[in-house]
Visitor: 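Structure incoming, see below.
Letters go in sequence order (proteins before strands), and every chain restarts at 1. Reckoned from all heavy atoms, side chains included, excluding hydrogens, waters and symmetry mates.
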2 protein chains.
Amino acid sequence: MTQPRPPRRHDTPATRAALMRAALPLFAARGFAGTTVEAIAGAAGVNKALINYHFGGKQGLFTAILGDILSEAETRMAPLAAADRPADERLRHFVRIWAETAAATPEFPVMMMRELISGGQHLEAGFFARIVAIFGTVREIIADGVRDGRFRPVDPLLTHLSLVGSLMFFFATEPARERLFELGRPEAARPTRERFARHIEELITVGLAPSADDRPSGAAV
Amino acid sequence: MTQPRPPRRHDTPATRAALMRAALPLFAARGFAGTTVEAIAGAAGVNKALINYHFGGKQGLFTAILGDILSEAETRMAPLAAADRPADERLRHFVRIWAETAAATPEFPVMMMRELISGGQHLEAGFFARIVAIFGTVREIIADGVRDGRFRPVDPLLTHLSLVGSLMFFFATEPARERLFELGRPEAARPTRERFARHIEELITVGLAPSADDRPSGAAV
DNA sequence: GTCTATAGGCTGATAGAC
DNA sequence: GTCTATCAGCCTATAGAC
């Protein structure tokens, strides 16, 4: 709940990074409560007392990891904030960014999804808000597109939720799907990240394209 | 991991049901490892030893609850299996079923989402497969629609994943969103279940409608 | 900075009275 | 069937040597 005191002095980054790298997949796969510090230390190849030394405890390690995750997300999404290109192009860019992010850090969507599901209960104040802010970019883009007529008059929030939902679900359940394909049907065509990204891009293009009779006058829901 | 022995004899349903009803929201909000048997018993107003008596342990209680959840899902989805109506109509029906299910049991999508994320690691063999089977209905419907030309030639699996993903994400993050609106912006228009369901129905209609030049000859991706 | 050893708390499960 | 009392194990965190 509250943070233990931070006992660090000058931090040799080596084991610190090793602990974070080892803990990420464990937290993603089993959640915070389901992961023991002993498992983390074992995976990192160091002593579990070092978790306390470097992060002030298990919660501190988790917070540090999620902070990194969020920073990475913010960096990746930053280019989208600039409204210099058409909304449909920016939205497709958003989809591609997610595919690249999941390729670079597959645990990323899982961690986000877990925190969204838990409602940020066990988290530092502000983390939950940061997650929401990251996704809020999409809502802005959609609202822009509706405003300038590139999209039909959809509700930006609902559209935003359905788009982000598709992406989050797909990437967060990727490990499970992978496991399923390995065990059950190795022959079937697997939905790769790239194929899914293109599929969503196409769905956006078709689903948000304005029809002939879309005028900014009538309120359509 | 393995199941404790089942010590039940003839089961008075009263406390058994009370335990299951009390445990559901706790498991949904905090996950299996994050929920203590003491919290469950406290919420149910009974002694924690009864969890062992009636379910053989915490894992047994969890399994029983998820079994009920899955049975309810299978019952609700059963009408969709019959291919007696057009695919687009069945797909809209699927969306409505989810909205009704979430209204009846909001913890439902959260539990499913947690299990999908965890890949069914801690579960009885077969539960994970049942979850997949439930959603598999949608893929069949989409494949039907593509086959008879009511939908444009989309990939059934990718389309299925994007549709189910939107729904699962929306309903699984409902508690978090509710909390967010309460704390931050009570004035804004909340995305209700009904509005979201209609939004998705519309998105399907527009996004899957065949265009003039969709012929069953060319392979479209 | 990193380790060993251990403290201290909580948790799930059981024994046994009623 | 339900309760009280309790145990044994695990798990996080700390103390202190190196």
Side-chain angles (χ1 to χ4, degrees), chain A residues 1-27 29-66 121-124, chain B residues 1-66 118 121-124:
Chain A
M1 202 162 295
T2 58
Q3 294 228 108
R5 60 188 169 289
R8 343 174 171 154
R9 280 198 245 174
H10 44 82
D11 281 354
T12 296
T15 59
R16 192 180 157 87
L19 278 169
M20 291 178 76
R21 232 180 307 116
L24 177 56
L26 292 174
F27 280 141
R30 304 154 186 258
F32 181 78
T35 305
T36 67
V37 292
E38 194 156 8
I40 296 170
V46 301
N47 193 274
K48 67 176 180 172
L50 292 179
I51 291 173
N52 250 276
Y53 178 79
H54 284 286
F55 301 96
K58 183 187 179 183
Q59 176 69 54
L61 172 58
F62 185 82
T63 301
I65 290 175
L66 197 71
Q121 293 171 2
H122 315 289
L123 276 162
E124 277 191 339
Chain B
M1 200 162 293
T2 58
Q3 292 229 108
R5 59 189 171 289
R8 343 174 171 154
R9 280 198 245 175
H10 45 81
D11 282 353
T12 296
T15 60
R16 191 180 157 88
L19 279 169
M20 291 178 75
R21 231 179 309 116
L24 176 56
L26 292 174
F27 279 141
R30 304 155 186 258
F32 180 78
T35 305
T36 67
V37 292
E38 194 155 9
I40 296 170
V46 301
N47 192 276
K48 68 175 179 173
L50 292 179
I51 292 174
N52 251 276
Y53 179 79
H54 284 286
F55 300 96
K58 184 187 178 184
Q59 177 69 54
L61 172 58
F62 186 82
T63 301
I65 291 175
L66 198 70
S118 303
Q121 295 171 0
H122 315 289
L123 276 162
E124 276 192 339

Visitor: Of the non-hydrogen atoms in B:Ala23 and B:Ile40, which two are nearest, and what is the gap between them?
Guide: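 Taking every non-hydrogen atom into account, CB-CG2, 3.7 Å.
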Visitor: Ring-plane angle category for B:Phe62 and B:Phe32, please: parallel below 30°, perpendicular beyond 60°, tilted otherwise.
Guide: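 Taking B:Phe32 first and then B:Phe62, their aromatic rings stand perpendicular (interplane angle over 60°).
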Visitor: Rounded to whole angstrom units, what separation is found between the NE2 atom of A:His54 and the C1' atom of C:dC3?
Guide: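 In whole Å, C:dC3 C1' lies 12 Å from A:His54 NE2.
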Visitor: Provide, to the nearest angstrom, the distance between the CG atom belonging to B:Leu26 and the P atom belonging to C:dG12.
Guide: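 Result: 12 Å.
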Visitor: What heavy-atom pair brings B:Ala44 and B:Ala18 nearest, and what distance separates the two atoms?
Guide: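 Nearest heavy atoms, B:Ala44 then B:Ala18: CB-O, 3.7 Å.
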Visitor: Which one, C:dT2, D:dC11, C:dC3, comes nearest to the side chain of A:Ala49?
Guide: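 Ranking C:dT2, D:dC11, C:dC3 by closest atom to the A:Ala49 side chain puts C:dC3 first.
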Visitor: Is the backbone of A:Thr35 close enough, under 3.5 Å, to the side chain of A:Lys58 for a donor and an acceptor to pair up by distance?
Guide: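 Flag set: sc A:Lys58 to bb A:Thr35 pair under 3.5 Å.
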Visitor: In whole angstrom, what separates B:Asn52's CG from D:dA5's P?
Guide: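 These atoms are roughly 18 Å apart.
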Visitor: For the pair made of CD1 in B:Ile51 and C1' in D:dC3, what is the distance, rounded to whole Å?
Guide: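 In whole Å, D:dC3 C1' lies 14 Å from B:Ile51 CD1.
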Visitor: Among the candidates D:dA13, D:dC11, C:dT2, find the nucleotide nearest to the side-chain atoms of A:Lys58.
Guide: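 Per side-chain heavy atoms of A:Lys58, the pick is D:dA13.
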Visitor: A:Leu50 CG to D:dT12 P: how many Å, rounded?
Guide: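 About 15 Å, once rounded to whole Å.
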Visitor: Just verifying a value: how many Å separate A:Leu61 CG and A:Arg16 CZ, rounded to the nearest 0.5 Å?
Guide: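 Here the interatomic distance stands at 9.0 Å.
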Visitor: Are B:Thr36 and C:dC10 close enough that a side-chain N or O sits under 4.0 Å from OP1 or OP2?
Guide: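 So the side-chain polar atoms of B:Thr36 never come under 4.0 Å of the phosphate oxygens OP1 or OP2 of C:dC10.
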Visitor: Starting at atom OH of B:Tyr53, determine the distance to atom P of D:dT4, rounded to an integer number of angstrom.
Guide: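 Answer to the nearest Å: 17 Å.
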Visitor: What are the residues of residues 37-48 of chain A, sorted by number, that bring a heavy atom to within less than 4.0 Å of DNA chain D?
Guide: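 Contacting residues: A:Val37, A:Lys48.
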Visitor: Taking all non-hydrogen atoms of both residues into account, name the closest pair between B:Ile51 and B:Leu19 and its distance.
Guide: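 Closest approach of B:Ile51 to B:Leu19, heavy atoms only: CG1-CD2, 3.7 Å.
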Visitor: Going from OG1 on A:Thr15 to CE on A:Met20, what distance comes out if it is rounded to the nearest 0.5 angstrom?
Guide: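 Answer for the OG1-CE pair, A:Thr15 versus A:Met20, is 11.5 Å.
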Visitor: Using whole Å, what does the distance between atom P of nucleotide C:dC3 and atom CG of A:Leu19 come to?
Guide: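 In whole Å, C:dC3 P lies 10 Å from A:Leu19 CG.
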Visitor: How close or far is atom P of D:dT12 from atom CZ of A:Phe62, stated in whole angstroms?
Guide: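 These atoms are roughly 14 Å apart.
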